[in-house]
Amino acid sequence: MSALSRPLRFAPALRASRRVQHQHQHFRPALPLLHARFAANSVSGRPGSQTIEHARLNVKEEIGNSLTDWARSIAGGVFTVDSVKPAKDSFIGITTAVATTVPTPYLVMGLAGGLPYIASAGTTVYLSRQAGLAAAGTLINIDPGVALTILDQALNFQVTYGAVLLSFLGALHWGMEFAGLGGFKGYPRLMLGVSPAVVAWSTITLQPTFALLYQWLGFTALWYADNKATVAGWTPKWYSQYRFYLSILVGTCIIGSLAGTSYWGPVAGHGLLSDDLDLIRAERKKSKPERVGVIPGDIEAVKGGAASDAYVVIRHKSKQNGDSIESNGEKH
C-alpha cells in the first residue's frame with residue numbers, strides 16, 4: 001500500500017519541479033534575443049556599423065530616407081507621388097517633380113499674395129524695436145505712447161490681412177466643390193471651406209499677439225486638412241505641397257512678428273500701462289533740454305526797442321528796483 005501511495009505523495013512535488021524547469025527553459029533564450037536586437041545581421045550577430053565611415057554612411061542614408069518620407073507626406077502621400085512619378089526618389093526629386101506640375105499663374109499669384117504679409121511682418125519687427133527704444137528713453141524724438149500706438153496699428157493690419165488670407169484659402173474648397181473637382185462632396189467640403197473664415201475673423205477681436213498665435217494654429221490646421229483632402233482626391237495633385245510652402249511662408253512671418261514684439265519692446269495694451277507711460281514721459285522730460293518757458297538765473301532776454309540795433313538784447317536782471325540794465329553791451 002505504501003509502495004503504491006508513494007508516487008502519489010510525490011506527484012505534486014514532481015509537477016512543481018517540472019514547472020520550475022519549464023520556466024527556466026522559457027527564459028534561457030532571453031539573452032541571445034537581447035544580443036540579436038542590437039545586431040544588424042541576425043546570422044553573423046554583427047552590429048550595423050563596423051567603422052566610423054560605415055556609421056556616417058548609415059546615418060546619411062537614414063536621414064535621406066526620412067527626408068524622402070517627409071516629402072511624400074508633404075506632397076499628399078503615395079497618391080500624389082505615384083501620379084507625378086519623380087525622376088529620383090528623394091526629397092529634392094519629389095519636391096521638384098510636384099512643383100513643376102503647379103501652373104505658373106497659380107505660383108506667381110500665390111507668392112504675390114504673400115508679399116504684403118511679409119512687408120507687414122517686417123514693419124512690425126521694425127516698429128517693435130523703435131517702440132522699445134522710445135520706452136527705454138534712448139529714442140527721444142518720438143513719444144513712447146505714439147510709438148506703441150503705431151506698433152499696435154501695424155499688428156492689427158497684420159492680423160486683418162492674415163484673416164483675409166486664411167478665409168481665402170478656405171474659400172478655395174467652395175470653388176472646387178462648385179467645379180465638382182474629384183466629385184461633388186457636399187457638406188463635408190463646404191464645411192471645410194467655411195471653417196477657416198469663422199476661425200480667422202474671430203481672431204480680430206483678440207489682443208494682436210494672441211490673434212497671431214491663433215492664426216498660426218489656423219494656418220497649420222488648414223494645411224493638415226488640405227493634405228488629407230489631396231490624398232482623398234478632392235484637390236489637384238500638387239495642392240498639398242503648394243499649400244505647405246505657403247503655410248511655411250506665413251508661419252515664418254507670424255513667428256518673426258511674435259519674436260520681435262517679445263524681444264524688443266512691449267506692445268500697447270499688453271505690456272505697458274498708462275501710468276507706466278506717464279512715468280517714462282516724466283523721466284524723459286528731465287533729461288531733454290527745455291525748449292519753452294522761463295529759465296531761472298540773473299540774465300534775461302528782452303525784445304530790442306526802436307532805438308536798439310538788435311531784435312533781442314541779453315542783459316542782467318536788476319537786483320534793486322526791478323529795472324534792467326544792459327549787460328556790457330552784449331547784443332544778439
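Just so we're clear, the structure is a prediction, and the values are computed from it rather than from any experiment.
- The CD atom of Glu177 sits 5.0 Å away from the CG atom of Leu190 when rounded to the nearest 0.5 Å.
- Annotation for Lys237 and Thr230: closest pair O-CG2, 3.8 Å, computed over non-hydrogen atoms.
- Asp226 and Ser240 are not linked by any side-chain donor-acceptor pair at a separation below 3.5 angstrom, with hydrogens and angles left out of the test.
- The structure places CG of Leu258 at 9.5 Å from OG1 of Thr124, a figure rounded to the nearest 0.5 Å.
- Hydrophobic clustering of Ile, Leu, Val, Met, Phe, Trp and Tyr side chains at less than 4.5 Å, counting indirect connections, unites Leu212 with Leu165.
- Across all non-hydrogen atoms, the minimal contact from Pro208 to Val159 is O-CG2, 3.8 Å.
- Relative ring orientation between Phe157 and Tyr161 is described as parallel, the plane-to-plane angle staying below 30° on a 0-90° scale split at 30° and 60°.
- Scanning both residues, Ser202 and Val199, for their nearest heavy atoms gives OG-O, 2.7 Å.
- Formation of a donor-acceptor pair under 3.5 Å by the Ser195 side chain with backbone atoms of Leu192 is not found in this model.
- Residues Leu213 and Leu166 do not share a hydrophobic cluster, defined by chaining ILVMFWY side chains whose heavy atoms lie under 4.5 Å apart.
- Using a distance-only test at 3.5 Å, with no hydrogens or angles considered, no donor-acceptor pair links the side chain of Ser262 to the main chain of Ala259.
- When the shell of 6.0 Å around OH of Tyr214 is examined, it contains 12 or fewer heavy atoms from other residues, nucleotides or ligands.
- Residue Leu206 is grouped with residue Trp216 when hydrophobic side chains (ILVMFWY) are merged at heavy-atom distances under 4.5 angstrom, including chains of intermediate members.
- Between the side chain of Gln130 and the backbone N or O of Ala147 there is no donor-acceptor pair closer than 3.5 Å.
- Cluster membership check: Met109 does not share its hydrophobic cluster with Phe244, using side-chain heavy-atom separations under 4.5 Å among Ile, Leu, Val, Met, Phe, Trp and Tyr.
- At least one donor-acceptor pair under 3.5 Å links the side chain of Asn156 to the backbone N or O of Asp152.
- Residue-environment remark: CH2 (Trp234) exceeds the threshold of 12 foreign heavy atoms within 6.0 Å.
- Between the side chains of Ser128 and Thr261, no donor-acceptor pair is found at a separation under 3.5 Å.
- Hydrophobic clustering (side-chain heavy atoms under 4.5 Å, transitive across Ile, Leu, Val, Met, Phe, Trp, Tyr) groups Leu127 together with Leu133.
- Expressed to the nearest 0.5 Å, how far CG of Leu151 lies from CZ of Arg129 amounts to 14.0 Å.
- The aromatic rings of His173 and Tyr239 sit perpendicular, their planes meeting at an angle over 60°, well past the 30° parallel limit.
- Among all heavy-atom pairs drawn from Trp264 and Val125, the shortest one is CZ3-CG1, 3.4 Å.
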